[in-house]
Amino acid sequence: MKIYIAGHRGMVGGAILRRLEARKAAGEDLSLLTRTHAELDLTSQQAVQDFMQAERPDVVILAAAKVGGIHANNTYPADFIYENLMIECNIIHQAFAAGVKRLLQLGSSCIYPKAVPQPMREDALLTGTLEPTNEPYAIAKIAGIKLCESYNRQHGVDYRSVMPTNLYGPGDNFHPENSHVLPALIRRFHEAAQSGVDEVTIWGSGKPMREFLHVDDMAEASLFVLDLPKAEYDANTQPMLSHINVGSGTDVSILELAQMVAAVTDFTGRITTDPTKPDGTMRKLMDVSRLARMGWQARITLEAGLAETYDWFLANQTTFRN
Ligand SMILES: NC(=O)C1=CN([C@@H]2O[C@H](COP(=O)(O)OP(=O)(O)OC[C@H]3O[C@@H](n4cnc5c(N)ncnc54)[C@H](OP(=O)(O)O)[C@@H]3O)[C@@H](O)[C@H]2O)C=CC1
Ligand SMILES: C[C@H]1O[C@H](OP(=O)(O)OP(=O)(O)OC[C@H]2O[C@@H](n3cnc4c(=O)[nH]c(N)nc43)[C@H](O)[C@@H]2O)[C@@H](O)[C@@H](O)C1=O
């Protein structure tokens with residue numbers, strides 16, 4: 001079976017590729033197809049059409065996207081909505097045009113309204129206004145769900161969507177401004193501890209709650225959903241709710257996260273907050289009961305995952321994407 005992993009050099013795509021390579025090494029008949037961003041710009045309709053017509057994979061896993069934290073989303077809204085819409089439209093339509101019957105794409109927990117009962121259920125989609133700091137990205141991600149759902153309904157293909165909570169782990173983006181909170185704090189606390197600085201400032205109030213899932217759990221959940229029998233997937237995602245939440249089911253405040261990162265990086269100074277920076281959504285805990293009912297639950301705790309990610313950070317500091 002030929003599987004194309006779009007975004008294989010990213011944090012999630014890399015984790016998914018590692019799992020598929022392990023399956024192949026264990027004897028599964030898999031041909032794993034990848035292209036780097038430089039080799040294939042997924043915002044180019046012609047380039048994606050040429051690629052899909054030439055390669056005709058059996059399965060497509062879409063883990064490529066324009067991704068970033070609250071500052072990046074707030075600063076580059078046009079890039080986030082345009083690039084993600086183009087990637088989704090090109091991959092999903094050209095996969096269909098090339099006869100691809102099975103596809104899995106990754107959305108995001110930010111698709112849900114800012115003020116919605118917690119934990120957030122799949123049927124909360126489109127029931128309220130979105131968080132302004134990442135609305136363009138969220139609109140693109142909602143479009144991705146609707147693209148898959150519409151091709152399923154009109155053309156009878158099996159295109160599935162998983163909605164990850166905040167993810168972290170090996171291969172994350174540690175850029176000081178454009179990264180997500182967990183990698184940003186690992187880098188900031190590490191550099192403070194190394195240079196003997198006695199104060200670290202975190203953005204916002206520190207009061208928002210965030211749920212974190214290790215990327216190896218996300219990769220396992222992605223392949224679990226991809227491998228579900230179609231009848232089971234359909235039975236658990238009613239026709240208009242063609243997506244499944246993936247999360248750890250527990251959340252912590254940003255201040256609690258900062259205290260955990262300080263401990264892991266041996267930072268013993270003060271933690272201060274910067275209320276001039278945005279908090280974003282105050283809470284976005286995912287209801288993960290649907291996936292649990294189908295037999296998957298997260299295994300890597302935040303404590304263990306944080307320590308492992310810091311080790312990876314220390315071993316890979318010279319290779320960061322800045
Ligand atoms: N990280 C998180 O906390 C969360 C991530 N997600 C979703 O998971 C998926 C993967 O995210 P993550 O692994 O963190 O992101 P990364 O930024 O680590 O990886 C994204 C990958 O997509 C590639 N890419 C981006 N634009 C293009 C393009 N135009 N053409 C070809 N390749 C491109 C990047 O290549 P290059 O770097 O060379 O440009 C990179 O390899 C995304 O759909 C994201 O929205 C959802 C929720 C949370
Ligand atoms: C996955 C998810 O990720 C994004 O949403 P987000 O969770 O709000 O993003 P974030 O991880 O950047 O911030 C979480 C919280 O953390 C606080 N915070 C403190 N100090 C730093 C800091 O140094 N960096 C960052 N980035 N945040 C910080 C920050 O103020 C905020 O309260 C979107 O891409 C969204 O579309 C999406 O999909």
Side-chain angles (χ1 to χ4, degrees), residues 5-17 34-44 47-48 61-74 79-80 82-84 86-88 90-91 105-112 130-131 133-141 144 161-189 200-213 215 218-219 222 246-247 253-255 257-258 261 271 273-284 286 321:
I5 303 101
H8 75 287
R9 294 173 87 180
M11 176 175 67
V12 179
I16 290 174
L17 181 58
T34 60
R35 287 292 183 280
T36 64
H37 189 163
E39 291 166 335
L40 177 60
D41 179 353
L42 298 176
T43 63
S44 162
V48 175
I61 297 174
L62 175 49
K66 171 71 174 175
V67 181
I70 191 166
H71 172 76
N73 270 272
N74 228 5
D79 296 347
F80 276 86
Y82 171 73
E83 292 180 35
N84 286 311
M86 291 304 288
I87 290 170
E88 289 163 4
N90 289 338
I91 288 285
Q105 66 147 1
L106 282 86
S108 168
S109 58
C110 69
I111 62 167
Y112 294 113
L130 297 167
E131 159 58 37
T133 57
N134 54 47
E135 186 191 61
Y137 173 74
I139 296 273
K141 289 297 181 180
S161 299
V162 285
M163 294 301 120
T165 190
N166 290 51
L167 303 173
Y168 73 96
D172 207 341
N173 172 3
F174 288 86
H175 188 279
E177 281 84 42
N178 295 334
S179 56
H180 287 104
V181 58
L182 190 146
L185 295 188
I186 285 181
R187 180 167 182 163
R188 191 170 310 144
F189 279 93
V200 167
T201 301
I202 64 175
W203 299 352
S205 67
K207 295 193 176 82
M209 303 291 287
R210 287 295 185 274
E211 175 186 16
F212 295 99
L213 183 71
V215 71
M218 185 64 220
S222 299
V246 182
S253 76
I254 296 303
L255 184 57
L257 175 70
V261 173
I271 300 174
T273 58
D274 175 1
T276 67
K277 293 279 190 356
D279 273 334
T281 304
M282 289 312 286
R283 195 175 191 207
K284 49 181 179 177
M286 303 263 264
R321 298 171 287 166

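None of the values given here were measured: they were computed from a predicted structure. Just so you know, ligand 1 is whichever comes first in the structure, and atom 1 is the first atom listed for that ligand.
Residue-ligand proximity: G68 is placed with every non-hydrogen atom at 4.0 Å or more from ligand 1. Distances from ligand 1 to the non-hydrogen atoms of D172 include no value under 4.0 Å. Under the 4.0 angstrom criterion for non-hydrogen atoms, Y137 is in contact with ligand 1.
Polar contact with ligand 1: absent for L62 (N/O pair, distance under 3.5 Å). Between G171 and ligand 1, no pair of N/O atoms sits closer than 3.5 Å. Close N/O approach between A64 and ligand 1 is not found [any backbone or side-chain N/O within under 3.5 Å]. Polar contact check, P164 against ligand 1: no nitrogen or oxygen pair lies under 3.5 Å apart.
When T165, N166, V181 are ranked by how near their heavy atoms come to atom 47 (C) of ligand 1, first place goes to T165. Nearest to atom 2 (C) of ligand 1 by heavy atom, out of R9, E83, H180, is H180. Relative to atom 46 (C) of ligand 1, the option among S222, G247, A38, G107 with the closest non-hydrogen atom is G107. Atom 3 (O) of ligand 1 has its nearest heavy-atom neighbour, among L167, L106, T34, in L167.
For the residue pair S205/D279, the side-chain donor-acceptor check at 3.5 Å is satisfied.
In K141, the part holding a heavy atom less than 4.0 Å from any atom of ligand 1 is the side chain.
The main-chain N or O of H8 is never found under 3.5 Å from a side-chain atom of T34 such that the two would form a donor-acceptor pair.
Counting atoms of ligand 1 from 1 in the listed order, those under 4.0 Å from a heavy atom of D41 are 28 (C), 29 (N), 30 (N). Below 4.0 Å from some heavy atom of L40 lie the following atoms of ligand 1, by number and element: 30 (N), 31 (C).
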Mind listing the N or O contacts between ligand 2 and protein, cut-off under 3.5 Å?
from	atom 1	to	atom 2	distance (Å)
ligand 2	3 (O)	H180	NE2	3.1
ligand 2	5 (O)	K284	NZ	3.3
ligand 2	7 (O)	N166	ND2	2.8
ligand 2	7 (O)	R210	NE	2.9
ligand 2	7 (O)	K284	NZ	3.3
ligand 2	8 (O)	R210	NH2	2.9
ligand 2	11 (O)	V181	N	3.0
ligand 2	12 (O)	I70	N	2.7
ligand 2	20 (N)	W203	N	3.0
ligand 2	23 (O)	R188	NH1	3.1
ligand 2	23 (O)	R188	NH2	2.7
ligand 2	26 (N)	S179	O	2.9
ligand 2	30 (O)	P278	O	2.7
ligand 2	32 (O)	D279	O	2.5
ligand 2	34 (O)	G68	O	2.6
ligand 2	34 (O)	N73	ND2	2.9
ligand 2	38 (O)	S108	OG	2.5

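Atom SG of residue C110 and atom CD of residue E135 lie 10.5 Å apart, to the nearest 0.5 angstrom. Taking CD of E83 as the reference point, atom CG of D41 lies at 8.0 Å (rounded to 0.5 Å).
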